[in-house]
Visitor: 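This structure is in structure tokens; I'll ask about it shortly.
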Amino acid sequence: MRKSYVILAFLFVFAFAKIYAQGITVQPVKPTASEIYQDLQKLNFLGSVLYVAAHPDDENTTAISYFANTVKARTAYLSLTRGDGGQNIIGPELRELLGVIRTNELLAARATDGGEQRFTRANDFGYSKHPDETLAIWNKEEVLGDVVWAIRTFKPDVIINRFNHRTPGSTHGHHTSSAMLSVEAFDLAGDTSKYKEQLEYTDTWKPSRQFFNTSWWFYGSKEKFDEADKSKLVQVDVGTYYPSLGLSNTEISSLSRSQHKSQGFGNTGSRGSEDTYFELLRGEMPTNNDVFQGINTTWTRVKGGKAIKTILDQVVTDYDFTAPEKSIPQLAKAYALVQQLDDAHWKAIKSKELQDIITACAGIYLEAAANTGYATLGSEVTLKLEAINRSMQSVMLNSAVVTSSNQQLASDTPLANNNSLSIEATVTIDDSFKDTSAYWLREEGTLGMYRVDDPTMIGKPETPQQNKVKFDLTIAGVPISIEKPIVFKYNDRVKGEVYEPFEIVPAVSSKLDSKVIIFAKAESKKIPVTVTAHQDNFSGSVSLTAPSGWTITPKSVNISIALKGAEQKVIFSVTPPSTDSEGDLTPVVTAGNKTYTKELVTIDYAHIPLQSLFLPNKAKIVRLDIERKGDYIGYIQGAGDAVPDNLTQIGYQVAIIEPSTITPELLAQFDAVVVGIRAYNVVDEMQAKQPLLLDYVKSGGTLIAQYNTSGRWGDTKIGAPYEMQLSRDRVTDENSEVRILAENHPIMNFPNKLTQKDFEGWTQERGLYFPNKWDDAYTPILSMNDKGETAKDGSLLVAPYGDGHYIYTGLSFFRELPAGVSGAYKLFANMLSIGKQEKSEIKQ
Ligand SMILES: [Zn+2]
């Protein structure tokens, strides 16, 4: 675990040094005098905007940045899902791991544009053509409740929907659903009879206005938009220039959008005036293009706020960019008044903002750094506290306490100007320390919903950092408490100072090499289990559980690991039953009366903090009667998929082909060559090498190309041997009927006889971007369609070419094979075996 931490340690690269309070909590915040001034202006605005859409990357970052930085409103993006169903162009993670990446990309985006981030429990289960389907797979009542919860807790004055709730079927079903639920929740949030259980933790809320963030695109063309009635449209110029940041709003928006790296959303900034439109759905139409018109957004909004307003208006007027500390006495006075407010909502928000501003003005820096990135319950860590005041203000550190265990680390120490206080203490990680793992992945959910047992966690972007040190200070006579999460900090010889989260982890984790293990024969396989200790001197035993009919030997193996971070590998022999069977294989580590069944998955990319996830560890084991011809397969990776690993599972030897190394001699070695998903979209060299691949087919080879998206390169660049046109045809219902068009074609018969039964148990979808026009040289093999649509026959096209075969398929093998879908394995084996029947007969 640690090895990868050290080698691949993350690095934050942000557009500006300021990291906003919410979101990425690992890297310390060090605001400049200009940023403090921005924050002071924001302190004096008491209004909120909630932006609603379905996925990470749906949000209009220009609008979010505009409301956060120009209007200075509290601005949040409610993304109904975490984007698990998307594709990943930066790495192999899919499903919930992709959801973790995209959650953090949203947090990085918000850290850039100044917004906050919220979610619901809805799971992005994949593409959906209609909200009816979406809302049948999501638990509609629960997701609606989560939107109501977001409104009741965030308390927006204005809600803005990204999508149109009146046009179901015109875009992704999740998109329309997000708008429909937002419209419905607008009324329910204020109704005490709805979602009553929430009122134990919050109160009702009535937003004032709701808009749809429209644009000419929703009207079909710019001309149509020019002619449209705009009496219900608020028009806003979002091209503000911020001299204090040296950036235009539209530049910040691009920096924010570019955080969606897994989706390839790198974006180049623009400068200058730019209009955005908001169509009024609810509330009174503003007459001045101000979405807050008529809503009091000053301190007088709250009872007792007038005196605070007087003080803070003066602070803004008197602010000295060369000496922000001069503002402290007045800020301290305002802070004391805020503590007397009855309005708990604004009191909490403004107290936190004031604390941050006061400490920033005083150049106060507080840190609690552990000597390790992770610890198990019962262990000890060394904690190093740093506290410094870099101002002439009198600052007293009254106490520093570990919040969970109440261990006192410091007391009654004055912090003199620019004298760093450093304290080292040993801290026992007792049972009071909180689990730091992703809360929405702790329990297994359903296809459409995450399971979250703690209602107060719902909506939070990530598990809050609950292992903290609380610093009680007195600044300019006012008591102020500041909590700092415990972090892991170390020096990297190349990167310098590196911060990582401090995680509470189980004593041990285990790992299987594969998530799906296919037994193509009745023979047993050696299955290694790697056990990693996360503490010193771990001893226990490991065993494997399997469905009945499967035999595991030995029953259990003793393990003993001396050093934290070290591993021990244990080999089990797993023998399948003689007939088809499938189920889960789960390693169980036992120590005393405790059992451990989780595996550690780390996700490490430069643009997000290091993620250490402990997830249920299991592999799907499948006993499958499968035949294959040919042995040696060449695989050209595209956007990244696990198909090569899956093919080795059924006995193929797979070589990854680097496109630049493609030569006729290289290709001649292979029994078939497979092109990974979207290779023609993302690997530039494919175009140049395609003639060599076709020559290989001509002289008897088999080339299988998996799905590419239509549009980006046009259709000819796939370089198919005969004309073929990619379309956006897709079949998203994984249970849709599959009709076999070419029953006698070898691909349906050799070496495995395929029937409709082999299309049962597929996952997420059938396939995508099917060709919708093709030359007669191709044989369409299968026909399928989603409910209410015309038949789509282009999912699997096969054509002889020279002495070989060319196959193009939009079927989602990249999802089905990793999921252990047996019919998909048989079909892929038949694709790889095509033409091999005749050859073996000729040889004999
Ligand atoms: Zn979307």
Side-chain angles (χ1 to χ4, degrees), residues 50-64 76-90 93-96 98-110 113 115 117-135 137-138 140 143 146-147 150 159-183 212-215 217-218 253-254 256-267 276 447-450 461 639 678 709-712 728 730 732 764-765 768-769 786:
L50 182 67
Y51 197 92
V52 182
H55 306 117
D57 79 15
D58 285 344
E59 81 277 23
N60 178 350
T61 51
T62 314
I64 290 174
Y77 172 39
L78 173 64
S79 176
L80 264 49
T81 76
R82 296 174 186 269
D84 299 28
Q87 285 129 20
N88 179 3
I89 74 156
I90 58 169
E93 296 86 359
L94 286 174
R95 303 300 313 169
E96 69 268 32
L98 179 61
V100 170
I101 292 175
R102 297 185 71 185
T103 294
N104 280 277
E105 288 180 341
L106 276 179
L107 290 172
R110 295 297 81 78
D113 61 34
Q117 188 56 49
R118 304 280 168 125
F119 291 95
T120 74
R121 285 170 291 171
N123 193 334
D124 175 6
F125 55 82
Y127 193 80
S128 169
K129 287 174 178 166
H130 199 278
D132 288 351
E133 183 200 19
T134 303
L135 296 173
I137 294 176
W138 287 349
K140 191 212 158 185
V143 183
D146 289 359
V147 180
I159 295 178
I160 299 175
N161 300 338
R162 164 79 285 191
F163 297 103
N164 192 342
H165 64 289
R166 296 155 296 197
T167 52
S170 63
T171 175
H172 198 320
H174 298 177
H175 291 166
T176 314
S177 299
S178 73
M180 291 164 64
L181 295 176
S182 175
V183 166
F212 156 46
N213 184 188
T214 189
S215 72
W217 187 86
F218 290 96
S253 146
S254 292
S256 173
R257 195 148 187 76
S258 297
Q259 299 303 322
H260 295 301
K261 297 190 190 303
S262 68
Q263 305 307 299
F265 273 44
N267 196 272
T276 287
L447 175 65
M449 297 298 292
Y450 284 119
R678 298 204 308 283
T709 58
S710 61
R712 180 164 163 200
R728 301 184 75 84
R730 61 201 296 168
T732 57
Q764 187 157 342
E765 63 192 355
L768 63 176
Y769 294 100
D786 281 324

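Note that ligands are numbered from 1 as they come in the structure, with each ligand's atoms numbered from 1 the same way.
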Visitor: Return yes when at least one N/O/S atom of H174 is nearer than 2.8 Å to the Zn ion (ligand 1), and no when none is.
Guide: no

Visitor: Please give me the minimum heavy-atom distance between L181 and L80, naming the atom from each residue.
Guide: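 So the minimum-distance heavy-atom pair works out to CD1-CD2, 4.0 Å.
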
Visitor: Of the backbone and side-chain N, O or S atoms of H175, does one lie nearer to the Zn ion (ligand 1) than 2.8 Å?
Guide: yes

Visitor: Would D58 count as a contact for the Zn ion (ligand 1), in the sense that one of its N, O or S atoms lies under 2.8 Å from it?
Guide: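 An N, O or S atom of D58 is closer than 2.8 Å to the Zn ion (ligand 1), so yes.
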
Visitor: Of all N, O or S atoms in H55, which has the smallest distance to the Zn ion (ligand 1)?
Guide: ND1

Visitor: Output, in order, the C-alpha distance, side-chain angles, deciding distance and verdict of side-chain hydrogen bond (donor to acceptor under 3.5 Å, both in side chains) for D113 and Y77.
Guide: CA-CA 11 Å; D113 61 34; Y77 172 39; over 6 Å; no

Visitor: Strictly by modelled atom types, are T61 and R257 linked by a side-chain donor-acceptor pair under 3.5 Å?
Guide: no

Visitor: For E59, which of R162, R118, R110 qualifies under salt bridge (charged side-chain N to carboxylate O under 4.0 Å, His left out)?
Guide: R110

